[in-house]
Protein chains: 2
Amino acid sequence: MPKPKTLYPLVVVDIALFCVDDNGLNVLLVKRSNEPAQGLWSLPGGLLQPERDRNLESAARRVLREKIGVDVRYLSEVRSFSGPARDPRGWSIGMLFFALLPRDHIHAIVKDSVDQVEWVSVRRIARAMAFDHSEQIDAAVQLLRDKVERRVLPLHLMPAEFTLGALQKTCEAILGRPLDKSVFRRRLKGSPDLIALRVENTGSAQRPSLLYRASDGFQF
Amino acid sequence: MPKPKTLYPLVVVDIALFCVDDNGLNVLLVKRSNEPAQGLWSLPGGLLQPERDRNLESAARRVLREKIGVDVRYLSEVRSFSGPARDPRGWSIGMLFFALLPRDHIHAIVKDSVDQVEWVSVRRIARAMAFDHSEQIDAAVQLLRDKVERRVLPLHLMPAEFTLGALQKTCEAILGRPLDKSVFRRRLKGSPDLIALRVENTGSAQRPSLLYRASDGFQF
DNA sequence: AGAATAGTGTCTGTCAGACAGTATCGC
DNA sequence: GCGATACTGTCTGACAGACACTATTCT
């Protein structure tokens, strides 16, 4: 079979890994220790390795595992970025994924890698980032916001058990605006995605609240 | 700069080109005249040519121009399909786009190319298609349906001037279910995407109806 | 007149937003 | 009691579904 007479582009996967904490919505950034774009902040990413990766999503999971040390439950494609100029190494395809990390896994990020790794609030993203990663973050944040705006619950950002108050705060952090408690809870009443558990009694809060967990069949 | 020690995957763009006519929603299929998958029906597609294409979307537009002979107004990425087995030539990335062709451009498709080209109703897609194109069509149709279900008007499928009845029939063809005329028109009343024109008087229909056109700033 | 399409009016249920009110904890 | 959070109740306006009704053309 004749090989096509075509140059092959560079294929990279980048991941916008999100978490929500008391600071709001954060994305994980990596300070690049190698060329190109050395010293600039970027999304975690890496070259596709066809001999190892089953597909692009597997490549993204491998990159997160190898470079950040996390196995994420939720990971999904956003869109591609491509062209001759976005990477100085040549014509490239950057496939952007976005992933969600539960709040109680935030500190499981490996900090001792060669690269400097940091959670950065999406409200404080610097203009100057490597490649087109600033645009990529915008695209990933918008996709996340659109989903939550369409009433999909970001349960992958929650720990295994959580209160409705915590869930509402998470949604508010993503959307960047307050939600009405009564409206929020009324919608959740009939949701098949939430399962009520027993009562919380930790003295941290004032009045104890019911705990919930995500239903097994729930899809983000 | 050292070249990465990685095999390069094959990069292909495929396009699900849709139109709506009296038969309902159709997608354009091509009977492959070359290996691989010779003789099977497939979506129009082609190899990325980095030396010619500005990005993947440009590649998709070029493929439509060269293989089908159409310049489409609307074209947008759906998602990627990738892996070692989906194309017999090796590890490949297939980027799926979907495009919309106005009803009055349907017959502008070039019929005299080397490949056999045909509009096929989405209700009558054969199981056996080249590569994973059956799955790709499912993904593209679902994205189109989701958009219309979310009340986005598929104005790119309409001719420059059209009636509300024709627009409703187009939406019904996409969704595969009837819509209530009163509800449909009530929603359209305040829409900034539609601009009313003068009266239609062609004797084809019974009572003449107002003509509309898409607003310039409208986004699908 | 009858068929066919264009276009309007109205009733009803559902749901979102807004906001007030009650409940239960720690201190 | 007081502060704080959990949770509920209610009013109102917007809108969707359903369906009936009128209007205007052609044959």
Side-chain angles (χ1 to χ4, degrees), chain A residues 20-22 103 145-155 158-159 161-213, chain B residues 20-22 24 103 145-153 155 158-159 161-213:
Chain A
V20 169
D21 64 8
D22 292 334
R103 184 167 180 145
R145 290 211 170 117
D146 282 356
K147 283 216 173 204
V148 177
E149 205 78 68
R150 274 182 236 140
R151 316 274 152 81
V152 185
L153 295 175
L155 298 182
M158 309 304 292
E161 303 189 348
F162 53 87
T163 67
L164 296 188
L167 180 55
Q168 182 178 345
K169 280 193 170 52
T170 301
C171 290
E172 289 173 335
I174 292 169
L175 297 177
R177 64 184 166 86
L179 298 172
D180 185 278
K181 183 171 43 171
S182 170
V183 173
F184 187 75
R185 297 169 103 95
R186 184 167 49 198
R187 277 203 338 250
L188 267 44
K189 271 290 165 60
S191 170
D193 294 337
L194 288 183
I195 295 177
L197 303 173
R198 61 197 174 284
V199 183
E200 172 191 45
N201 49 10
T202 164
S204 66
Q206 272 60 26
R207 171 175 165 181
S209 55
L210 273 176
L211 284 176
Y212 290 78
R213 68 171 181 85
Chain B
V20 168
D21 63 9
D22 292 333
R103 184 169 180 139
R145 289 211 172 117
D146 283 355
K147 283 216 175 203
V148 176
E149 206 76 68
R150 273 183 237 138
R151 316 277 151 81
V152 186
L153 295 174
L155 298 182
M158 309 303 294
E161 303 188 349
F162 53 87
T163 67
L164 296 188
L167 180 57
Q168 183 178 345
K169 278 190 170 53
T170 300
C171 291
E172 289 173 336
I174 292 169
L175 298 177
R177 64 181 166 88
L179 298 173
D180 186 278
K181 181 171 47 172
S182 170
V183 174
F184 187 75
R185 296 169 104 95
R186 185 168 49 199
R187 278 205 334 253
L188 268 45
K189 272 287 166 57
S191 170
D193 295 336
L194 288 183
I195 295 176
L197 303 173
R198 61 196 175 286
V199 182
E200 171 192 45
N201 48 11
T202 164
S204 67
Q206 273 58 27
R207 171 175 166 181
S209 55
L210 272 176
L211 284 176
Y212 290 79
R213 68 171 181 85

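Nothing here was measured: the structure is a model prediction, and the numbers come from that model. In the text below, chain A, chain B and the rest are named by the order of the sequence lines, each starting its count at 1. Computed over heavy atoms, backbone and side chain alike; hydrogens, waters and symmetry mates excluded.
- Among the heavy atoms of the strands lying under 4.0 Å from B:Lys189 are primed sugar atoms or P, OP1, OP2 only; no base atom is included.
- Among the nucleotides D:dT8, C:dA16, C:dA3, the one closest to any side-chain atom of A:Arg187 is C:dA16.
- A sub-4.0 Å separation between OP1 or OP2 of D:dA14 and a side-chain N or O of B:Arg186 is absent.
- At the phosphate of C:dG7, OP1 or OP2 sits under 4.0 Å from a side-chain N or O atom of B:Arg185.
- When the P atom of D:dG17 is taken as reference, atom CD of B:Gln168 falls 12 Å away, rounded to whole Å.
- Among the nucleotides C:dA6, D:dT5, D:dC19, the one closest to any side-chain atom of B:Asp180 is D:dC19.
- Side chain of B:Ser182, nearest nucleotide from D:dC19, C:dA16, D:dA6: D:dC19.
- One can place CD of A:Gln206 at 14 Å from C1' of C:dA23, the figure rounded to the nearest angstrom.
- Counting atom types as modelled, B:Ser209 pairs no side-chain N or O with a base atom of C:dG7 as donor and acceptor under 3.5 Å.
- Of the candidate nucleotides C:dT5, D:dA16, C:dC25, C:dC25 has the atom nearest to the side chain of A:Arg207.
- At whole-Å resolution of the value, NZ in A:Lys181 and C1' in D:dT5 are 7 Å apart.
- Atom CG of B:Leu164 and atom P of C:dG7 are 6 Å apart (whole Å).
- Per the geometry, CZ belonging to B:Phe162 stands 14 Å off P belonging to C:dA6, to the nearest Å.
- Here the P atom of nucleotide D:dA6 and the CG atom of A:Leu179 are 14 Å apart, to the nearest Å.
- Regarding B:Leu167, its CG atom lies at a distance of 12 Å from the P atom of C:dG7, rounded to whole Å.
- Following rounding to the nearest Å, B:Lys169 (NZ) and C:dT5 (C1') show an atom-to-atom distance of 8 Å.
- The shortest heavy-atom contact between B:Phe184 and B:Leu164 is CE2-O, 3.9 Å.
- In summary, A:Asp180 and A:Arg187 do not engage in a salt bridge, as defined by a charged side-chain N under 4.0 Å from a carboxylate O.
- Between the side chain of A:Glu172 and the backbone N or O of A:Leu179 there is at least one donor-acceptor pair closer than 3.5 Å.
- Between B:Glu200 and B:Thr163, the closest heavy-atom pair is OE1-CG2, 3.7 Å.
- For B:Arg145 (side chain) and B:Ile174 (main-chain N/O), a donor-acceptor pair under 3.5 Å exists by modelled atom type.
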